[in-house]
Visitor: 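Let me begin by handing over the structure; questions about it come next.
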Amino acid sequence: MKLDSNKHSVFLLYYHLILVTKYRRNVIDERISRRLREIFEYIQLNYNITLVEWNYDKDHVHVLFKATPTTQLSRFINAYKSASSRLIKKEFPEIREKLWKEYFWSRSYCLLTSGGAPVEVIRRYIESQGEKSYVKSI
């Protein structure tokens, strides 16, 4: 496993982001998905984020990306949602007919950490750490 690093730390931070269109309107097609991805790739540079995987359905997108420990994830997500909403409505005016008011994305989002060992494996590893040193000292 290749770890990322900066001046003071070593890390591997993967996130799974799910963004849903407002009222789950079916407005995302291949062209719009491609443009949404381009916007993501442009904005990610300012936040030390690296896109790993992208996929979409008619009413949502799935994004797997890597970040650094100093990345302000909520700030990035809000910047992306704001910019992509504005640009998509400008470049694809036909989707305005399918949306309610001026919103493209739902206000909420789902962000999950991913990668590495499952939580149960990590929990057992941490729980066992004291036992090893205690057994050795007896």
Visitor: As an exercise, state the distance from OG of S74 to CG of L111, rounded to the nearest 0.5 Å.
Guide: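 S74 OG to L111 CG: 9.5 Å, rounded to 0.5 Å.
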Visitor: Hey, does the side chain of R25 reach the backbone of L99 with a donor-acceptor pair shorter than 3.5 angstrom?
Guide: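 Absent.
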Visitor: Would you indicate whether the side-chain heavy atoms of F40 and I49 approach each other to under 4.5 Å?
Guide: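 They are in contact (side-chain heavy atoms under 4.5 Å apart), so the answer is yes.
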Visitor: For D59 versus R24, what's the shortest heavy-atom pair and its separation?
Guide: OD2-NE, 2.8 Å
Visitor: Knowing that exactly one of T21, V27, N26 qualifies, which makes a side chain to side chain contact (heavy atoms under 4.5 Å, CB included) with K98?
Guide: V27
Visitor: Would you mind listing every side-chain hydrogen bond (donor to acceptor under 3.5 Å, both in side chains) that reaches into residues 41-51, with sequence neighbours excluded?
Guide: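 Applying side-chain hydrogen bond (donor to acceptor under 3.5 Å, both in side chains) to every pair that reaches into residues 41-51, excluding sequence neighbours, yields R37-E41.
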Visitor: So, using salt bridge (Lys or Arg N to Asp or Glu O under 4.0 Å) as the criterion, who are the partners of R35 when residues are at least two apart?
Guide: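 For R35 the salt bridge (Lys or Arg N to Asp or Glu O under 4.0 Å) partners, ignoring immediate neighbours, are E38, E91.
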Visitor: Listed by chain and number, what are the salt bridge (Lys or Arg N to Asp or Glu O under 4.0 Å) partners of K22, not counting sequence neighbours?
Guide: none
Visitor: Under the side-chain hydrogen bond (donor to acceptor under 3.5 Å, both in side chains) rule, what pairs show up with a residue in residues 104-119, not counting sequence neighbours?
Guide: S84-W105, S106-S108
Visitor: Would you compute the distance between atom CG of L17 and atom NZ of K81 and round it to the nearest 0.5 angstrom?
Guide: 8.5 Å
Visitor: Check for a donor-acceptor pair, side chain of S128 on one end and backbone N or O of Y125 on the other, with a separation under 3.5 Å.
Guide: yes
Visitor: Classify the angle between the aromatic ring planes of Y80 and F76 as parallel (below 30°), tilted (30 to 60°) or perpendicular (above 60°).
Guide: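 Judged by the thresholds at 30° and 60°, the geometry between Y80 and F76 is parallel.
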Visitor: Of all residues at least two apart in sequence or in a different chain, which pass the salt bridge (Lys or Arg N to Asp or Glu O under 4.0 Å) check with E97?
Guide: none
Visitor: Hey, does the side chain of N6 reach the backbone of S9 with a donor-acceptor pair shorter than 3.5 angstrom?
Guide: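 Yes, N6 side chain to S9 backbone: donor-acceptor pair under 3.5 Å.
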Visitor: Measure the acute angle between the ring planes of H62 and H16, then classify it against the limits of 30° and 60° as parallel, tilted or perpendicular.
Guide: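 It falls in the tilted class, 30° to 60°.
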Visitor: In the single-linkage hydrophobic clustering (I, L, V, M, F, W, Y; side-chain heavy atoms under 4.5 Å), do L3 and L64 co-cluster?
Guide: yes
Visitor: Any heavy-atom pair between the side chains of L87 and F104 that's under 4.5 Å?
Guide: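 F104 vs L87: side chains apart.
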Visitor: What residues, two or more places apart in sequence or in another chain, satisfy salt bridge (Lys or Arg N to Asp or Glu O under 4.0 Å) together with E94?
Guide: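 Applying salt bridge (Lys or Arg N to Asp or Glu O under 4.0 Å) to E94 gives R31.
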Visitor: How many angstroms lie between atom OG1 of T70 and atom CD of Q72, to the nearest 0.5 angstrom?
Guide: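 Interatomic distance, T70 OG1 to Q72 CD, rounded to 0.5 Å: 8.5 Å.
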Visitor: I'd like to know if D4 pairs up with K66 as an ion pair, taking the criterion as any Lys NZ or Arg NE/NH1/NH2 lying under 4.0 Å from an Asp or Glu carboxylate oxygen.
Guide: yes
Visitor: Can you give me the closest heavy-atom contact between I95 and I32, atom names plus distance?
Guide: CG2-CD1, 3.6 Å
Visitor: Aromatic contact between Y14 and F65, with the criterion being ring centroids under 6.0 Å apart: yes or no?
Guide: no
Visitor: Answer yes when R123 and E120 have at least one side-chain N-carboxylate O distance shorter than 4.0 Å, and no when they do not.
Guide: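 Judged by the 4.0 Å cut-off on N to carboxylate O distance, R123 and E120 do form a salt bridge.
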Visitor: What are the two closest heavy atoms between K2 and L12, and how far apart are they?
Guide: O-CD1, 3.8 Å
Visitor: First locate atom CG of L73, then atom CG of L13, and finally report the distance between them rounded to the nearest 0.5 Å.
Guide: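 Atom-to-atom, L73:CG and L13:CG are 8.5 Å apart.
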Visitor: Among the clusters formed by ILVMFWY side chains lying less than 4.5 Å apart, do F11 and L51 turn up in the same one?
Guide: yes
Visitor: Should W54 and I39 be counted in the same cluster of Ile, Leu, Val, Met, Phe, Trp and Tyr side chains packed under 4.5 Å apart?
Guide: yes
Visitor: Please test N55 against V61 for side chain to side chain contact (heavy atoms under 4.5 Å, CB included), starting from the C-alpha separation and ending with a verdict.
Guide: CA-CA 6 Å; N55 207 343; V61 296; over 6 Å; no
Visitor: More than 12 heavy atoms of other residues, nucleotides or ligands under 6.0 Å from CD of E53: yes or no?
Guide: no
Visitor: Can you check whether T68's main-chain N or O pairs, donor with acceptor, with T71's side chain at less than 3.5 Å?
Guide: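 Confirmed, T71 side chain pairs with T68 backbone.
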Visitor: Just so I know, are the side chains of V63 and Y15 near enough to count as touching, which here means a heavy-atom distance under 4.5 Å?
Guide: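 They are not in side-chain contact.
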Visitor: From L19 CG over to I77 CD1, what is the distance, rounded to the nearest 0.5 angstrom?
Guide: 7.0 Å
Visitor: Can you tell me how far CG of L36 sits from OG of S85, rounded to the nearest 0.5 angstrom?
Guide: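 Answer for the OG-CG pair, S85 versus L36, is 9.5 Å.
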